[in-house]
Number of protein chains: 6
Amino acid sequence: MPTFHVELFEGRSVEKKRELAAALTETTVKVLGCDAQSVDIIFHDVKPENWATAGKLWSDPR
Amino acid sequence: MPTFHVELFEGRSVEKKRELAAALTETTVKVLGCDAQSVDIIFHDVKPENWATAGKLWSDPR
Amino acid sequence: MPTFHVELFEGRSVEKKRELAAALTETTVKVLGCDAQSVDIIFHDVKPENWATAGKLWSDPR
Amino acid sequence: MPTFHVELFEGRSVEKKRELAAALTETTVKVLGCDAQSVDIIFHDVKPENWATAGKLWSDPR
Amino acid sequence: MPTFHVELFEGRSVEKKRELAAALTETTVKVLGCDAQSVDIIFHDVKPENWATAGKLWSDPR
Amino acid sequence: MPTFHVELFEGRSVEKKRELAAALTETTVKVLGCDAQSVDIIFHDVKPENWATAGKLWSDPR
């Protein structure tokens, strides 16, 4: 029953998400020996202005 | 102090959310015996392209 | 596909969680018209020392 | 390695988020003695229709 | 900057987590073309009594 | 209504959490101009074996 929440910067194409979801699921099934049907992955698109590291928004010049 | 995060596919109307929030809160108060004021519910609308089960996006044909 | 994350203070019995999970699922199925099988609920037990409101931990006298 | 998820009502300006991210990081570094570089903050903008307290959506009159 | 939260049933060994973290990171770097250093993975061990599907706790007989 | 989820390595004392909760709330109230009563902070203690960066668990030598 692994459930993934993946926060990533917005702008990834559906193709990339499709490829990533398939690959992460395959990896998980291989390592944990669980059923693919039990793997849920939820992507959260994050705007650069909504993510800060070291106190600085990623929408700001670094 | 229960706090709910509910991830559901986007497209639910405000009327449905209103009804669901009221019903979930009533259910929680009844079962846990807590105060309604202490129940917070946050809905997260998820696009079908952002949710995968068994490695396949829900925006793709199954 | 609603997925619930419910944060509540630790100390609830398994019986209460069983009752709450069943009731929340029934409520959700009734309101949203979705399949019970698609409803996942994950409880997170939170210690009072790990939850603060108004800047004060719930393990401290109020 | 503290990672923050901050849910707040949508409508805050980028300037306010910039100021809040900087201030929260400075506060955390001062209290925990950790490196600023290790502090990640992710804001989640929540619509009032997606947040309920006491069973009532914040988009509804109180 | 992808950040993963992975909820899985408690009981996985550190060896399995080590292997899964390495494999998920490698997969992500390959698909997204991002830097490994930017990938954070946080595992959340969930007790079967804290996870319900279809209104039934996983600690209960199915 | 800001609600914080703060993931940090386990091992912080209650005193540090008390100080951090108070300071984060004060900072938030000052920057956002919201009511202290509306600020909730939930700490999640994470074991080093449950957090990986760059594919390596923090319980492993770096």
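All values below were derived from every heavy atom in this structure, side-chain atoms included, with hydrogens, water molecules and symmetry-related copies excluded. Chain identifiers are assigned alphabetically (A, B, ...) following the order of the sequence lines, protein sequences preceding nucleic acid strands; residue numbering begins at 1 within each chain.
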Participant: With chain C as the partner chain, list the residues of residues 44-62 of chain B whose heavy atoms fall under 4.5 Å from it, by residue number, and write 'none' if nothing qualifies.
Facilitator: B/Trp51, B/Thr53, B/Trp58

Participant: Is there any residue in residues 26-39 of chain B with a non-hydrogen atom under 4.5 Å from a non-hydrogen atom of chain C, and which ones are they?
Facilitator: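 Listed by number: B/Thr27, B/Thr28, B/Val31, B/Leu32.
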
Participant: Can you tell me which residue pairs pass the ring pair (Phe, Tyr, Trp, His ring centres under 6.0 Å) test with a partner in residues 17-40 of chain C, sequence neighbours excluded?
Facilitator: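 Non-adjacent pairs meeting ring pair (Phe, Tyr, Trp, His ring centres under 6.0 Å): zero.
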
Participant: Which residues from residues 4-23 of chain B are near chain C, with near meaning under 4.5 Å between non-hydrogen atoms?
Facilitator: B/Phe4, B/His5, B/Val6, B/Glu7, B/Leu8, B/Phe9, B/Arg12, B/Lys16, B/Glu19, B/Leu20, B/Ala23

